Amino acid sequence: MAKLLKKCECGDEAKTDVGKTRKWDKCSHSWTVRYRTAGGRRGKQREQSFKANEKQKAKDFALKIDYDKRAYLESFVDPKAGEISLKDFTDKWLKHRRLKPASVRKYRSLLNKHIYPAFAGRRMSSLSKDEMRDFYWNLPLAGSTVASVHTLLSGIFNTAVEEKKLTESPVKGIDLPEVKTKKIHVPNLEQVEKLYQEMPGYLRVIIPLMAGCGLRVSEALAANVKNIVQEDTMYRVIEQTGRDENGVTTVVPLKHRGEGDFRDVPLPAWAAQAITDSVMEFGTNDDGYLVQPSRSGDYVYHVSISRPWKKAVKAAGLPQSFTPHGLRHFYATKLLASGVPLTDVSSWLGHNNVNVTYRTYRHYIPESGERARRVLDQTFETVSTTPRDVMTKEPVLTSC
């Protein structure tokens, strides 16, 4: 059980604990609650100090410790465990997680720019839900970036709960600012074709892979002839280009997926022919990659195609702000406008949540209300709206 005491000698001359407590009430030394963590005598001994005028607060703390240990012995959280600073805990959290180099860079950026300036030295247990809610809503960031901050903090605090440093995550259940859908620019077919014609020869193949297969630019830059499957009708997306911990561009697992995961997407004839033409003109490296690595061994990183991309965009009459991601918009909107199920399009795009696809492209999904009304009209066309007993009676005449 937790014990309330003072470490001073003011009560030593008393013979009983009651006498000691009465003597201690009159001295100016601080109170101490001494307790053990879960595990009985094997648990670690802890102490918590309170000011001389906080006797009731110290007693309440001791009672809570005893209650928590009896009622939740397996889930008892030592109050001292949560005194680690957010920065110290997060640094250890990052160190012991299997993350891609790109994810580490993203997390570090969010921590250094937004989270650490506000909470770096704060004790984990001192952060309240109200404080975290205010933090989210006062961030001068887009809703999507706030959501990324929340995702990171949720992972950190959930681990702290699992390790019994906190009883509950202070960011659990917080409503976030609305993520506003950005206006997207969808090119027309002529502009897509012009991009294909204007890109340098060795990069030309990425245009049909993005516009015709929905690949991300980093996935298209890792295109491989070995990935054409199912009798040349599907393309298997296995990897993408990215930078390792040393800054070298190489092939890495797909976004949202682990080593060995893949997705199969329909391979249209135009994309298949573009792959064939690329192989005929430029060949592949020994591993079958179409966009071949440089002599130094580096694969092509998406940032490095900026100059030829901007030149092709200008020639196609597209806004200078148009990015390769716009070709995925072309792919998605064409399929959805033609009635291809949203779930299939989401899977082919590689989204980890179909709601992401819906939020982005809901305005391009054909209006199904009229179609539903026609189906229901046909279903109920033989059903009368007048009850049978009413049909047999004389109509009731009313006067004005």
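Note that the structure is a prediction, hence the values are computed from the model and not measured.
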In terms of side-chain geometry, is the basic nitrogen of Arg108 or Asp91 positioned less than 4.0 Å from the acidic oxygen of its partner?
-> yes
Consider only side-chain heavy atoms of I, L, V, M, F, W and Y, link residues closer than 4.5 Å, and tell whether Met234 and Leu290 are in one cluster.
-> no
Leu349 versus Val265: any side-chain heavy-atom pair under 4.5 Å?
-> no
Over 12 foreign heavy atoms within 6.0 Å of OH, Tyr358 | no
Show the numbers, then the answer: is there a side-chain hydrogen bond (donor to acceptor under 3.5 Å, both in side chains) between Asp60 and Gln56?
-> CA-CA 6 Å; Asp60 292 343; Gln56 188 57 50; 3.0 Å; yes
Is the side chain of Ser278 donor-acceptor paired with the backbone N or O of Ala274 at a distance under 3.5 Å, no angle test?
-> no
Between Lys129 (side chain) and Ile174 (backbone), is there a donor-acceptor pair under 3.5 Å?
-> no
Short side-chain donor-acceptor distance under 3.5 Å, Asn158 and Glu162 | no
Test side-chain contact (heavy atoms from CB on, under 4.5 Å) on Asn224 and Ile238 and set out the steps.
-> CA-CA 9 Å; Asn224 194 307; Ile238 298 177; over 6 Å; no
Any side-chain heavy atom of Leu139 within less than 4.5 Å of one from Thr145?
-> no
Distance under 6.0 Å and angle within 45° of the ring axis: does Lys6 meet both against Trp31?
-> yes
Between atom CD of Gln240 and atom OH of Tyr301, what is the distance when rounded to the nearest 0.5 Å?
-> 9.0 Å
Taking a hydrophobic cluster as the set of Ile, Leu, Val, Met, Phe, Trp and Tyr residues connected by side-chain heavy atoms closer than 4.5 Å, whether directly or through intermediates, do Val251 and Val303 fall within one such cluster?
-> no
What closest approach, in Å, do Val340 and Asp344 show between heavy atoms, and which atom pair accounts for it?
-> CG1-CB, 4.4 Å
Check whether Phe119 and Val149 end up in the same hydrophobic cluster, where Ile, Leu, Val, Met, Phe, Trp and Tyr are linked by side-chain heavy atoms less than 4.5 Å apart.
-> yes
Are Glu163 and Lys92 close enough for a salt bridge, meaning some N to O gap below 4.0 Å?
-> no
d(Gln230 CD, Ile228 CD1) to nearest 0.5 Å is 12.5 Å
Given side-chain contact (heavy atoms from CB on, under 4.5 Å), test Leu327 with Tyr331 step by step and report yes or no.
-> CA-CA 6 Å; Leu327 294 176; Tyr331 171 84; over 6 Å; no
Pi-cation contact, Phe157 with Lys172 (under 6.0 Å, within 45°) | no
How many angstroms lie between CG in Asn352 and OG in Ser347, if you round to the nearest 0.5 Å?
-> 11.5 Å
Over all heavy atoms of both residues, which pair between Tyr196 and Trp270 is shortest? Give the atoms and the distance, please.
-> CG-CZ2, 4.0 Å
With distance as the sole test, does Trp137 use its side chain to make a donor-acceptor pair with the main-chain N or O of Asp175 at under 3.5 Å?
-> yes
Taking the side chain as every heavy atom from C-beta outward, state whether Ile206 and Ile305 have any atom pair closer than 4.5 Å.
-> yes
Among pairs that include at least one residue of residues 324-335, which meet salt bridge (charged side-chain N to carboxylate O under 4.0 Å, His left out), considering only residues two or more places apart or in two chains?
-> none
Can you tell me how far the CZ atom of Arg236 sits from the CZ atom of Arg263, to the nearest 0.5 Å?
-> 12.5 Å
Which of parallel (below 30°), tilted (30 to 60°) and perpendicular (above 60°) describes Trp309 and Phe322?
-> parallel
Does a salt bridge link Asp130 with Arg133, judged by any charged N lying under 4.0 Å from a carboxylate O?
-> yes
So, does Asp261 use its side chain to make a donor-acceptor pair with the main chain of Leu254 at under 3.5 Å?
-> no
Quick one: closest heavy-atom pair of Ala118 and Phe135, and the distance?
-> CB-CE1, 4.0 Å
d(Ile84 CD1, Arg123 CZ) to nearest 0.5 Å is 12.5 Å
Straight-line distance of Gln292 CD to Tyr202 OH, nearest 0.5 Å | 11.5 Å
Side chain Ser346, main chain Leu342, donor-acceptor under 3.5 Å = no
With no hydrogens and no angle check, is any side-chain donor or acceptor of Ser109 less than 3.5 Å from a backbone partner on Arg105?
-> no
Does a side-chain heavy-atom distance below 4.5 Å link Asp298 with Pro293?
-> no
Which atoms form the tightest heavy-atom contact between Gln191 and Ala316, and what is the distance?
-> CG-O, 3.4 Å
If the plane angle is over 60° it's perpendicular, under 30° parallel, otherwise tilted; pick one for Tyr299 and Tyr289.
-> perpendicular
Do Ile275 and Val229 belong to the same hydrophobic cluster, where Ile, Leu, Val, Met, Phe, Trp and Tyr are linked whenever their side-chain heavy atoms lie under 4.5 Å apart, directly or via other members?
-> no
Side chain of Thr90, backbone of Leu86: donor and acceptor closer than 3.5 Å?
-> yes
Closest heavy-atom pair, Asp232 versus Leu267, reported as atoms and distance to 0.1 Å, is O-CD2, 3.7 Å
Any side-chain heavy-atom pair of Pro324 and His302 under 4.5 Å = no
Shortest non-hydrogen separation from Phe330 to Ala211 and the atoms involved = CD2-O, 3.8 Å
Under a 4.5 Å side-chain heavy-atom rule over Ile, Leu, Val, Met, Phe, Trp and Tyr, are Val356 and Val237 clustered together?
-> no
